[in-house]
Amino acid sequence: MIVRPRLAAGLAAGVMAAGLALAGAASAEPHKVIFDTDFGMVPQDDGYALMLALHSPELEILGITTVAGNWSLEQGTADVLRLLEIAKREDIPVYAGANMPLMHEPSEYARTTYGSWWSDAPATPPPGGFAAKQAESLGAVEYIIDTVESQPGEVTILAIGPLTNVAMALRHAPGLAAKVKQLVIMGGAVAFLPDGAGNMTPGAEFNFWVDPEAAKIVLRSGIPIQLSPLNVSRKSNMNRGWFEKLVAVETPFTKLIRERGGRLYEDDPELVVHMYDQIAVASLIDPSLVTTTELYVDVDANPGISYGTSLGSPRLWPGAEGARKIAVQHELDWVRFIEMFIERVAQPIP
Ligand code: BDR
Ligand code: CA
């Protein structure tokens with residue numbers, strides 16, 4: 001059965017300030033973050049991204065909101081709860097969100113290509129079994145609205161899946177956009193810049209392709225946006241050497257990484273994979289890791305061969321009226337990034 005996203009009952013206040021994961025917090029105030037994810041366990045990038053965020057004192061994760069994307073909503077929610085349990089961070093609340101994009105109907109292509117956003121299959125047990133803790137009864141959209149409205153100008157939304165939850169929050173709460181401090185988004189591929197081909201269709205990146213209407217609403221919202229598209233992801237090169245450094249010391253995180261990701265490099269020692277959501281997180285921790293350029297970016301939400309394709313330009317063009325200028329990441333200091341990533345993810349869990 002396919003169910004359109006819906007608001008859960010109740011609008012209770014949902015702000016829960018989580019403690020910092022590590023001693024030695026950065027001197028500046030940490031970014032208050034809502035972590036919006038189509039979560040999957042490592043070696044999926046959302047899993048790595050959350051490990052990095054949990055071990056970064058520059059970020060205070062207020063709550064995690066889940067959305068259908070790489071997996072069904074149920075699977076992503078079950079997996080993120082389990083990772084928090086492994087991390088001993090059950091204090092961070094999890095809110096389940098949209099189980100379908102706003103408009104996108106699952107086609108044969110969607111069902112057979114990549115990602116299970118269309119699925120309503122129940123979750124299978126995460127590694128080690130289902131977490132003892134469950135998701136909050138409040139829905140993700142209400143949580144986003146409540147949290148931003150109760151702390152205007154203070155909350156950053158870090159969105160690393162389809163933008164359905166964020167778009168719904170903006171639609172349900174007029175004026176919300178002006179109260180969001182900033183949005184950091186992994187999504188899109190900008191053909192105006194090098195390395196701008198899509199990964200789901202020739203032009204469209206996965207997160208934007210799954211929910212192009214949501215991406216368009218969010219990019220046009222006027223919220224200050226840092227976009228981390230495939231252009232910057234493609235500057236990363238996670239090879240076997242870096243992987244071995246990552247898992248050299250055994251911790252609960254690196255054990256999970258080795259068990260679930262090591263096989264990839266055993267099967268193909270020359271394998272090089274890109275990092276996606278991890279870069280979006282890292283760019284919030286240390287913006288000097290990436291180079292950005294200001295472009296108008298808009299998304300094609302018309303059914304057809306370019307559905308979900310993002311276009312960018314220094315100037316507005318016909319049809320893109322209403323698009324906003326945002327910061328688009330395109331270069332990455334790979335070595336500095338991966339060294340920081342390894343050092344943090346491999347930290348012991350207290
Ligand atoms: C994006 O799509 C998902 O598969 C990844 O988690 C990432 O957010 C890359 O196109
Ligand atoms: Ca993702």
Side-chain angles (χ1 to χ4, degrees), residues 33-53 61 64-73 75-77 79-80 83 94 96-99 101 104 109-119 140 157-166 183-191 193 195-212 214-215 218-219 225-236 238 257 260-261 264 273-284 290 297 299 307-310 328-330 332 341:
V33 169
I34 296 175
F35 193 96
D36 187 70
T37 172
D38 58 333
F39 194 80
M41 278 288 182
V42 289
Q44 189 184 308
D45 56 339
D46 297 69
Y48 282 124
L50 183 57
M51 288 177 174
L52 174 61
I61 304 177
I64 296 176
T65 51
T66 54
V67 64
N70 276 290
W71 307 97
S72 69
L73 180 72
Q75 188 69 59
T77 305
D79 283 355
V80 81
L83 189 72
V94 175
N99 61 353
H104 196 167
Y109 184 77
R111 291 179 193 278
T112 53
T113 306
Y114 177 71
S116 302
W117 54 271
W118 43 267
S119 168
I157 302 175
L158 185 47
I160 57 174
L163 288 164
T164 321
N165 289 339
V166 183
L183 254 165
V184 180
I185 297 169
M186 192 288 132
V190 180
L193 300 168
D195 295 318
N199 62 357
M200 193 62 195
T201 71
E205 178 276 334
F206 178 81
N207 289 338
F208 279 17
W209 183 80
V210 171
D211 201 336
V218 173
L219 291 192
I225 291 178
Q226 272 281 328
L227 188 69
S228 194
L230 294 180
N231 307 72
V232 72
S233 313
R234 289 180 172 132
K235 306 304 187 313
S236 60
M238 187 66 177
I257 292 168
R260 294 177 55 85
L264 297 173
V273 298
H274 292 313
M275 295 175 128
Y276 303 95
D277 300 339
Q278 304 94 321
I279 296 171
V281 173
S283 72
L284 181 59
V290 295
V297 180
V299 182
Y307 193 52
T309 298
S310 45
V328 181
Q329 302 173 4
H330 53 96
L332 172 71
F341 178 83

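The analysis underlying the following values was restricted to heavy atoms, covering all of them including side chains, and did not include hydrogens, waters or symmetry mates. Counting starts at 1 for both ligands and their atoms, in listed order. Nothing here was measured: the structure is a model prediction, and the numbers come from that model.
At least one N/O-N/O distance between N207 and ligand 1 falls below 3.5 Å.
Side-chain N/O atoms of S228 and S283 include no donor and acceptor closer than 3.5 Å. For the 3.5 Å distance criterion, the side chains of Y276 and D46 fail to qualify, holding no donor opposite an acceptor. Side-chain contact annotation: D38 with N70, donor-acceptor N/O pair under 3.5 Å present.
Within ligand 1, the atoms closer than 4.0 Å to a non-hydrogen atom of M186 are 1 (C), 7 (C), 8 (O), 9 (C), numbered from 1 in the order shown. Listed by number with element, the atoms of ligand 1 under 4.0 angstrom from any heavy atom of D46 are 6 (O). Every atom of ligand 1 is numbered from 1 in the order shown, and the set under 4.0 Å from a heavy atom of Y114 is 4 (O).
Checked by atom type and distance alone, the side chain of T201 pairs as donor or acceptor with a backbone atom of A204 at under 3.5 Å. Put simply, the side chain of S236 never gets that close to the backbone of V232: no donor and acceptor are under 3.5 Å apart.
For the Ca ion (ligand 2), the nearest N, O or S atom contributed by D38 is named OD1. Taking the N/O/S atoms of D277 in turn, the shortest distance to the Ca ion (ligand 2) belongs to OD2.
Checked against side-chain hydrogen bond (donor to acceptor under 3.5 Å, both in side chains), Q278 has no partners two or more places apart in sequence or in another chain.
Contact check for T65 versus I34: side-chain heavy atoms found under the 4.5 Å cut-off.
Metal site remark for the Ca ion (ligand 2): D46 contributes an N, O or S atom at a distance under 3.0 Å. Taking backbone and side chain together, A49 holds no N, O or S atom under 3.0 Å from the Ca ion (ligand 2).
Only the backbone of I160 comes within contact range of ligand 1, with a heavy atom under 4.0 Å; no side-chain atom does.
Between W209 and W117, the two ring planes are perpendicular [angle over 60°; tilted spans 30° to 60°].
Of the protein's non-hydrogen atoms, D277 OD1, 2.6 Å is the one closest to atom 8 (O) of ligand 1. Scanning the protein for heavy atoms near atom 3 (C) of ligand 1, the closest one is N70 ND2, 3.2 Å. In terms of protein heavy-atom proximity, atom 9 (C) of ligand 1 is closest to E205 OE2, 3.2 Å.
Between I185, I279, V210, D45, it is D45 that holds the heavy atom closest to atom 6 (O) of ligand 1.
From Q44, atom CD reaches atom CG of D79 across 8.5 Å, with rounding to the nearest 0.5 Å.
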